[in-house]
Protein chains: 2
Amino acid sequence: MARGAAQQTAHHTHNHKACIEDALTTARDLCAERGVQLTPLREKVLQIVWKSHKPVGAYDVLDELARSHKSARPPTVYRALDFLMAEGFIHKIESLNAYLGCVEAGAPHSGLFLICRKCGATEEIADPKLEAALDQASKRAGFQAERRVVEISGICAQCAA
Amino acid sequence: MARGAAQQTAHHTHNHKACIEDALTTARDLCAERGVQLTPLREKVLQIVWKSHKPVGAYDVLDELARSHKSARPPTVYRALDFLMAEGFIHKIESLNAYLGCVEAGAPHSGLFLICRKCGATEEIADPKLEAALDQASKRAGFQAERRVVEISGICAQCAA
DNA sequence: TGGCCAATGCTACACTATAACAAAGTTCCC
DNA sequence: GGGAACTTTGTTATAGTGTAGCATTGGCCA
Ligand SMILES: [Zn+2]
Ligand SMILES: [Zn+2]
Ligand SMILES: [Zn+2]
Ligand SMILES: [Zn+2]
């Protein structure tokens with residue numbers, strides 16, 4: 001199933017078209033539910049971000065978008081990215097200033113990202129134990145956590161081999 | 001002792017001059033040990049970053065530095081920041097594009113940061129349990145972790161009260 | 001004295017992101 | 001259908017963050 005495919009990394013041979021289709025379908029469904037507009041522009045941007053499992057910079061999105069949308073400018077892209085982030089369809093990778101499709105759109109969450117510095121492939125993983133540890137650490141400091149950024153850089157399993 | 005003072009947040013009344021002096025002394029000692037140069041310029045930048053317990057942007061550093069160092073330019077600041085990061089005297093807060101003095105300089109580590117979105121005070125905490133959970137999560141994915149970015153934004157204890 | 005290396009000076013530029021206002025499209029009510 | 005209210009997009013300009021590349025300085029050592 002597509003959902004499963006979406007959770008594989010870029011290294012695994014997989015039908016990436018299914019990843020994209022799955023992401024678009026999920027986004028369409030959620031937008032319909034929520035009564036917000038997944039306009040053609042926003043959908044196109046989502047599709048561009050999902051072109052790979054590597055984080056993509058806003059200006060790379062712009063370059064790609066401009067091929068089919070001549071009037072595209074930086075605000076065009078940033079607005080679409082802001083919308084997609086607000087709806088939880090993409091994440092921003094802060095340590096790269098780049099954006100990545102979310103593999104678990106819908107369920108609000110702050111992901112944990114494993115970023116390969118060699119191939120760029122970035123995997124989003126969920127780890128309840130880790131999230132509990134994060135919550136506990138905040139709590140111990142009397143801190144009301146609202147947003148988490150957890151990004152681990154290194155070498156992915158495939159590049160290490 | 002100064003080391004203790006350095007670990008308090010900006011809200012706690014504390015002798016912040018001791019924080020700064022402690023950071024500078026530690027840096028001087030470590031640079032001597034390591035045979036690297038803590039030049040007046042680098043020391044001044046370190047002092048500016050330590051002016052508070054809030055992350056400070058590179059261009060804010062530049063503005064401050066320029067008051068005593070007219071020839072300062074962006075590369076001047078970024079080179080100094082790069083040096084200070086390489087030596088482990090400051091951290092970059094990725095989600096803010098800003099820099100913060102390290103409270104545990106010397107011991108190489110990637111800190112966990114609690115960033116108050118109201119007052120800006122940012123606390124660096126160490127949490128072995130959390131670090132173990134991070135290591136375990138990476139390991140489970142077959143990932144060789146090299147660098148960690150863990151930043152939690154929210155409301156600090158003092159601002160919540 | 002001259003070569004080497006680290007640090008800084010200096011100019012220009014690349015990359016990332018937002019402000020502000022105008023125009024066009026959508027919704028919804030009458 | 002008309003029209004107000006709202007959302008989305010167009011457009012220009014600019015703010016904010018970070019580097020490239022080469023010149024200069026100054027210390028150290030052969
Ligand atoms: Zn895929
Ligand atoms: Zn890799
Ligand atoms: Zn202090
Ligand atoms: Zn606060």
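Just so we're on the same page: letters track the sequence lines, and every chain starts at 1. Not measured: the values here are computed from a predicted model.
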Point to revise | Whole angstrom value for the distance that separates C1' of D:dG16 from OH of A:Tyr78 | key: 11 Å

**Study point:** Residues from residues 29-44 of chain A lying under 4.0 Å of DNA chain D - heavy atoms
**Key:** A:Gln37, A:Thr39, A:Leu41, A:Arg42

Exercise for review: Looking only at non-hydrogen atoms, find the nearest pair between B:Cys19 and B:His53 and report the distance.
Suggested key: SG-NE2, 3.6 Å

Check your understanding: Excluding sequence neighbours, so at least two apart, what forms side chain to side chain contact (heavy atoms under 4.5 Å, CB included) with A:Ser95?
Key -> A:Ile93, A:Ile115, A:Glu151, B:Glu94, B:Arg147, B:Val149

Check your understanding: Which of residues 88-100 of chain A sit near DNA chain D, with a heavy atom under 4.0 Å from it?
Key -> none

Exercise for review: Answer with yes or no whether the hydrophobic clustering places A:Leu100 together with A:Leu46; edges join I, L, V, M, F, W, Y residues whose side-chain heavy atoms lie under 4.5 Å apart.
Suggested key: no

Identify all pairs in which a protein N or O lies below 3.5 Å from an N or O of nucleotides 22-25 of chain C, and state each distance.
none

Check your understanding: If you take all heavy atoms of B:Cys31 and B:Leu38, which pair is closest and at what distance?
Key -> SG-CB, 3.7 Å

Revision key, fill the gap. To the nearest angstrom, the CZ-P distance between A:Arg73 and C:dA17 comes to 19 Å

Review point. Considering all heavy atoms of both residues, which atom of B:Phe143 and which atom of A:Cys156 are nearest to each other, and what is their separation?
Key: CD1-CA, 3.6 Å

Check your understanding: For A:Gln47, what residues pass the side chain to side chain donor-acceptor pair (under 3.5 Å) criterion, not counting sequence neighbours?
Key -> none

Practice item. Indicate, with yes or no, if A:Leu114 and A:Val103 share a hydrophobic cluster defined by side-chain heavy-atom contacts under 4.5 Å among Ile, Leu, Val, Met, Phe, Trp and Tyr. Key: no

Study note, to complete from the structure: Taking for B:Pro74 and for A:Pro74 the nucleotide of DNA chain C with the nearest heavy atom, the one nearer the 5' end belongs to B:Pro74

Enumerate, atom names and distances included, each donor-acceptor pair closer than 3.5 Å involving a side-chain atom of residues 73-89 of chain B, sequence neighbours excluded.
from, atom 1, to, atom 2, distance (Å)
B:Thr76, OG1, B:Arg73, N, 2.9
B:Thr76, OG1, B:Arg73, O, 3.1
B:Glu87, OE1, B:Arg34, NH1, 2.7

Review point. A:Leu62 has an atom CG; how far is it from atom C1' of C:dA14, in whole Å?
Key: 15 Å

Check your understanding: Under the side chain to side chain contact (heavy atoms under 4.5 Å, CB included) test, which residues partner A:Lys51, sequence neighbours left out?
Key -> A:Glu64

Practice item. Would you please name every residue forming a ring-ring contact (aromatic ring centres under 6.0 Å, His included) with B:Phe113, sequence neighbours left out? Key: B:His91

Point to revise | Length of the line joining A:Lys70:NZ and D:dG10:P, which is rounded to integer Å | key: 13 Å

Review point. Does OP1 or OP2 of D:dT9 have a side-chain N or O of A:Thr76 closer than 4.0 Å?
Key: no

Study note, to complete from the structure: Of C:dT16, C:dG9, D:dA20, the nucleotide closest to the side chain of B:Pro75 is D:dA20

**Study point:** Stepwise side-chain contact (heavy atoms from CB on, under 4.5 Å) test for B:Lys44 and B:Ser68
**Key:** CA-CA 9 Å; B:Lys44 179 69 182 171; B:Ser68 64; 3.6 Å; yes

Practice item. Starting at atom CZ of B:Phe83, determine the distance to atom C1' of C:dA6, rounded to an integer number of angstrom. Key: 11 Å

Practice item. Output all residues satisfying side chain to side chain donor-acceptor pair (under 3.5 Å) with A:Glu21, sequence neighbours left out; order by chain, then residue number. Key: none

Point to revise | base_contact_polar (C:dA17 base, A:Tyr59 side chain, donor-acceptor, <3.5 Å) | key: yes

Check your understanding: C:dT8 C1' sits how many Å from B:His69 NE2, rounded?
Key -> 7 Å

Practice item. List for me each residue that meets side chain to side chain contact (heavy atoms under 4.5 Å, CB included) alongside B:Thr39, sequence neighbours excluded, and say none if there are none. Key: B:Gln37, B:Leu41, B:Arg42

Review point. Taking CE from A:Met85 and C1' from C:dT16, how many angstroms apart are they, rounded to a whole number?
Key: 12 Å

**Study point:** Spacing between A:Asp82 atom CG and D:dT7 atom P, to the nearest angstrom
**Key:** 16 Å

Listed pairs, N/O of protein and of nucleotides 26-28 of chain D, under 3.5 Å:
none

Side-chain donor-acceptor pairs of residues 127-142 of chain A under 3.5 Å, sequence neighbours excluded:
from, atom 1, to, atom 2, distance (Å)
A:Asp127, OD1, A:Lys129, N, 3.0
A:Asp127, OD1, A:Leu130, N, 3.0
A:Asp127, OD2, B:Arg140, NH1, 3.2
A:Asp135, OD1, A:Arg148, NH1, 2.9
A:Ser138, OG, A:Leu134, O, 3.0
A:Arg140, NH1, B:Asp127, OD2, 3.1

